[in-house]
Amino acid sequence: MDILIQILVTGLTLGAMYALASVGLALIFGTLGMFNMAHGLFMTIGAYAAFSLSGYLGLVLPVGLLIAMAAGALIGVLTHLLIVRFMLTGPNFETNVMVATAGLAILLQDVLLKIFGAYPFTQPVKVEGTIRLAGVAITLQSVVIVAVALVLISAIAFLLLRTRFGMTIRATAMNREAAELMGVRTTRVYLQVMGLAGALAGAAGLMISSLTTLSPQMGGDPLLKAFVICVVAGLGNVWGAGICAFALGLLEATVQFEFGVRFGFPVMLLLVILVLVWRPQGLFGRERVVRL
Amino acid sequence: MGNNNLRRHLLVAALIALAFAVLPLFVTERYFLGEVIIFLIWSIVAANWNLLMGHAGVFSLAQMLFFATGAYGVAVATQFAGLSIWLAIPVAALAATLLALIIGAACLRLSGAYVALLTYAIAEMIHILIVTDTACFRQVGGSCLQLFGGARGFSRFEDFGFRPLLKADWILGNYYVVWAVFAFTIFALVVVIHGRLGLGFRAIRDNVGYAGSRGINRRKIQLIAFGISAFLTGLAGAVYAGHFRFAGPSLFEFSSLMFVLAMVIVGGLGSTWGPLIGAAAIMTVVEITKELGDARAIVLGLALILFVLFLPKGLAGSLERLQRATGLSRKPGPEASTSKDPA
Amino acid sequence: MSDSQPKAPSRRKFLKTMGISAGSTAMLAGLNQSASAQSSEPVKIGCPAPLTGIVAADGIEFRRGLEMAAEEINAVGGILGRPVELVFVDTESKGDDVVIQAAQRLIDRDKASALVLGYNLETGTALHDVAADSGIVAMHSNTVVAHDELVRSDPEKYWGIFQYDPPETFYGIGFLDFVKGLEDRGEFTRPNNKIAIITGPGTYSTNIANAIKDNADKYGLEVSLFESVNVPISEWGPTLAKVRADEPAIIAVTHFYAADQAQFMNQFMSQPTNSLVYMQYGASLAAFRDIAGVNSEGVIYATVIGALQDEIGSGFAEKYVGKFGDTSSPNGGGQTYQALHAYAVAAALAGGPGEPYEEDRNRMVADRLRNLIYRGPMGTMRINPDGQSAFCYPSQTNDPSLGMPHIFSQIQDKAVGGVLIAPSPYDVGAFKLPSWMKA
Amino acid sequence: MTAPLLARDLVSGYHARPVLQGVSVELVAGRIAGLIGPNGHGKTTLLRTLSGSIPLRSGKIEMNGEDVSRVPVCDRVGRGLVHIPQGDQLFGDLSVEENLRMGAYLRDDQKAVRQTLDEVFTIFPRLAERRRQTASSLSGGERRMAGIGRGLMAEGRVLMVDEPSLGLAPLVIEQIYEALRQAVQSDRAILVVEENPSRLLGVADAIYLMDAGRIVWSGSAAETVNSSDILATYLGGH
């Protein structure tokens, strides 16, 4: 029983982190059809922003969260304005943008290394303390992470499904040209999506850094897992990504317990390989299937 | 036209191979020769990636996995199977080919970014499994050696054997082994790119539906591309392992992948000689940044962004355009080379 | 080192302000004075270090340690009048191939007379051939037994390659001996006979873990868990669940990344088991205490190369932290710091270093190094001629002045770093039963 | 009086290949113009050029006397130019009603939008029945209705419809043309593209015949009837 709860807690915590990391990625892919290889760095920048400004603006979580989200949104918007915008209509957008954002990731990571050094700083913006559930201790920060993930994902769900802005994003995602014929300024929609996804990444970065530490390469691992989740869920499927994140978090925790820690991630990757080979549209996906 | 092209490029290949054959007459410094060896190897890897990505239109991120397979193949074959390195090299290249055919078959139903994801997932899974393996396969002295070398990889296995033979000039022996693989590769690539196979590549890359209606089997062509590219890349990995006496997981880390990708992109995707130009350019710039302090990552990152944005055809493309512009209009300078093509 | 010092400073104060100058720098200064300056050509010292990538934090400490040592050496006239000039090449936390390239570059391009470095990730013997081929001295702290084996296989070729700390194989047995010592003195009574071993990937971690595993039964211990984890690992839930399901008397974590170890403690402490917790290397770094905070208190860690807590060691640590800030780690920087000082003394004694390929000159430096007993902030460096690694105290010699101590520390106050609890005579405090354990 | 839409000597195309080689068209308020011609000769390209989806290489597009040649798509929509593209081009995962509301994307007066929505539902009662269904679940005819309905939602002054009858049952075609006839009565200018000219003969006030990227013939509805042999030559015996 203890063990079951322990695995559940680990799985949900992992799941929440993965969900935060992958929802933004899915949103960008779903709307722009682009793999944002710099998404991990968006997270890292969010985490460092909260870390650096917390000294001035206090250590309260909501403030830190806002800073992280603002920083993520800013870098998302800048990425769009300075890089993505120029490539959207060009040939080979899909592959070119992967290369360019990968370059951006290398660049930003090195800039962070030069500014902050490699020291693994601890994230001051977090909640201390533990609670007990049936004899198992659970850190409050884990609870916060799960809560933030659920709130943010619900907020995104509400935004996409229930607002005019969300409808515009979805319409643009489904058919850019038709959306333009409705009078939608799709370049602006893309910009907003990049900002929104950046904000989500920033929040994810803050949450991840509160469980681990800050380091310039901290985004690499969550990004990989976010890719896994997005593929398994079906690329661009925001809901699927949220659900899959929690499911895969639980799967990873179970595999780690049953078969050994080192098999956790390889099993997830194997899942991606199987999904891509047998069901390329993902478990929940319908749209944007590139098959020949 | 195709035949003429083939002959012209074969001539270029011969000149390049000749130039590198006589280079050690002028350069004796071990570090510089070592860098040229590495340049030759990265050129092979980049050129083969370009074959797969630029010519056959398969955006595979498993390139360094093929390279590592060649290197690991040599390490495992010499260390565990007791094979001579000269036998181990072709065996390792064949192992890379076999792996590529399996991965290629798995990729057949996918295209574009999906291929990138699948190939990357495969490479990453193998990477993690190797790196986290701590079970001793064999005890070597006081350390244990895992079946695939673990996080450390293999080192100090049998090399080409030039040290006892050439003494202080051992590196010349290594140089000519690598040169031989390089020369073989560039001739092979010219024949592939400008021969019948290349025609098929271009047909499927440019228009899949059209190529299909012309009876060109996309799956078969892409599998062939995977196979050739991986064989030559594996060969490069094998001689790399022989040169450094090393095969380890860092060979197929993400950062290594990006390093070679930068060469392909900067050189020019889909060109013939672009990857060589790109490898030279990137290595030179990285070398210069070492003098200026540590700017390697910034240079690589910027190169990837700027070239994709502003020079998607790479240095090879710009060179060609410059050549055409000056050749046609006899009017050198930027005005001549800017075309007004809105596409 | 300001001019406005009182004329006769107390010895304490002298040590504080001068760092380790009391010992070796004075000797070097003496040598420099007696020799007429040979030339003003700088002595190039090359350092291939992991300045980026996963172990960049350590690589940057190695650079700092060298910079501080070079400054001190140059302040007393360099090596026989020639200033020391440092050249760094980033090895990106990668493998042998990159280290070989970096070393070759430092030799051929920068004309390095010697390579002085800390460790490079997962490359035990990469630079040996490069340095040997060019006839220069190389000093590293890769901490691998493979070094000894290679040097032993061809001592004539590897005359100039030194591992200035003992190989990692001493860690495993040293740890078990340490626990036995605690038990013998009645400071610790094991609640059961089980030991849980958690290793990371990589030769260093695995070799130590295997040494503990293979020798556990000799100490009456039974391995209840042997888990391999990957890098980075932040969620220890499943591993801890296994630990909690079968409570061991001792938990040994040989996965050596400070941040990961700190997370282990944070999650362990939410529901601790009645076990002694031992951590390899990472816990010795400031980052560990910073991240784990109060949860770090009670942890035991060991290193075969760490700053001692005596006058020399503490003086160095203070100066180092004063120079590079609170997030710097004297345990990292101290390695290269001590190595460069030792090299400078040996080179001066030998009448100056040679350029690459000036093998005879460099051989003299190597001979001096081989015979030098050098006492720095990390303890005594004395090279074992068989294998050319530093002697380990107490595993190889029972004279503390003749071996580099395998030191065990316990974090007893998160604010000040570990208290050295073994071996004597370097210990400055006693083992305290961690708060989570039942007496 | 200036024309709601006037195009002069348009040249445009995809990548290196120009499709339109100097096309001029004029639309008149309250009139339906028909554009006919064989497949693959630039009819759809003309519509996409007019709406701004394809950039103009040379020539000039004016709306009510104002040059809009360089104005982006969404701003042309803002000026009242509505392009109902070929095929469905619906937003598959949105409901029918959401699709229709997207048509009124630039309109702020929500009350008026609701009124237009009711009007569209009156014209196409089938859409009212299906309003909660996702667009991708509709039948071919229903999708075309939704597409036209979505175009009507914008209340634009110029309506361009690409192949409204392609592949549909005669009854549905009749319904769709009825909708266009109603639309033109509120003084709109309409351009309808059809491959089959017989559909347009009773509807259009003027006909343009397009071939190989040029307008090769144009005339009023009456002239068209008299010149049926020209049409037959171009269209291969309809």
Side-chain angles (χ1 to χ4, degrees), chain A residues 2-14 17 106 109-110 113-114 116-123 128-132 135-142 208-218 220-222 249 252-266, chain C residues 50-61 93 198-201 225-245 255 257-263 266-272 282 285-294 324-329:
Chain A
D2 278 10
I3 286 169
L4 205 68
I5 294 178
Q6 181 65 60
I7 290 177
L8 209 64
V9 169
T10 302
L12 287 179
T13 313
L14 286 174
M17 289 203 300
I106 296 172
Q109 182 170 328
D110 202 56
L113 180 71
K114 291 203 161 49
F116 294 97
Y119 185 81
F121 290 104
T122 161
Q123 178 61 266
E128 303 285 348
T130 55
I131 51 166
R132 288 196 164 267
V136 175
I138 301 165
T139 59
L140 277 178
Q141 186 60 25
S142 293
I208 291 165
S209 68
S210 72
L211 270 198
T212 61
T213 46
L214 290 140
S215 72
Q217 70 265 16
M218 61 166 274
D221 202 49
E252 191 184 8
T254 313
V255 169
Q256 288 191 342
F257 182 80
E258 286 297 327
F259 302 101
V261 173
R262 80 185 197 91
F263 294 108
F265 192 41
Chain C
L51 299 173
T52 57
I54 186 98
V55 291
D58 282 341
I60 288 166
E61 299 296 347
S93 304
I198 298 161
T199 174
L225 175 69
F226 191 91
E227 180 78 300
S228 307
V229 300
N230 34 318
V231 184
I233 171 143
S234 55
E235 233 333 297
W236 290 93
T239 310
L240 283 170
K242 287 189 223 187
V243 169
R244 286 171 187 146
H255 177 66
Y257 292 82
D260 294 357
Q261 291 183 347
Q263 288 310 327
N266 283 340
Q267 290 163 36
F268 172 79
M269 284 304 285
S270 70
Q271 201 180 347
L285 305 177
F288 175 79
R289 282 177 285 121
D290 201 1
I291 300 163
V294 71
F324 299 112
D326 282 341
T327 59
S328 62
S329 263

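Atom set for the values below is all heavy atoms of this structure, side chains included, hydrogens, waters and symmetry mates excluded. Order of the sequence lines fixes the chain letters, A, B, ..., with proteins taken first and strands second; residue numbering starts at 1 for each chain. Quick caveat: nothing in here was measured; it's all calculated off a predicted structure.
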As an exercise, state the distance from CZ of A:Arg262 to OG1 of C:Thr199, rounded to the nearest 0.5 Å. 11.0 Å
Highest number of heavy-atom pairs under 4.5 Å with chain C: which of A:Thr254, A:Ile7, A:Leu14? A:Leu14
Distance check, rounded to the nearest 0.5 Å: A:Thr13 atom OG1 versus C:Gln267 atom CD? 8.5 Å
Measure across A:Phe257 and C:Ala241 and return the closest heavy-atom pair with its distance rounded to 0.1 Å. CE1-CB, 3.7 Å
Minimal heavy-atom distance between A:Gln256 and C:Pro238, with the atoms involved, is OE1-CG, 3.2 Å
If you count heavy-atom pairs within less than 4.5 Å of chain C, which of A:Gly11, A:Gly220, A:Ala118 leads? A:Ala118
Under 4.5 Å from any heavy atom of chain A - which part of C:Ile291: both
Heavy-atom side-chain contact between A:Glu252 and C:Glu235 under 4.5 Å: no
Honestly, the part of C:Gln263 sitting under 4.5 Å from a heavy atom of chain A is side chain
Does any heavy atom of chain C fall under 4.5 Å from the side chain of A:Ser215, the backbone, both, or neither of them? neither
Proximity breakdown for A:Leu211 and chain C, heavy-atom pairs closer than 4.5 Å: both
Given a strict heavy-atom distance threshold of 4.5 Å, which part of A:Gln217 is in contact with chain C: side chain, backbone, both, or neither? side chain
Can you say whether C:Ile54 sits under 4.5 Å from chain A via the side chain, the backbone, both, or neither, judging by heavy atoms? both
Using a 4.5 Å cut-off on heavy atoms from C-beta on, say whether the side chain of A:Phe121 contacts that of C:Thr327. yes
Side chain from CB out, backbone as N, CA, C, O: work out which of these in A:Thr130 comes under 4.5 Å of a heavy atom of chain C, or both, or neither. side chain
Approximate separation, where rounding is to 0.5 Å, of C:Asn230 CG and A:Phe263 CZ: 10.5 Å
To the nearest 0.5 Å, what is the distance between CD on C:Gln271 and OG1 on A:Thr139? 12.0 Å
Which answer fits C:Ala286, side chain, backbone, both or neither, if we ask what part of it has an atom under 4.5 Å from a heavy atom of chain A? both
Please find the pair of heavy atoms, one from C:Ser228 and one from A:Val261, that lie closest to each other, and give the distance. O-CB, 3.8 Å
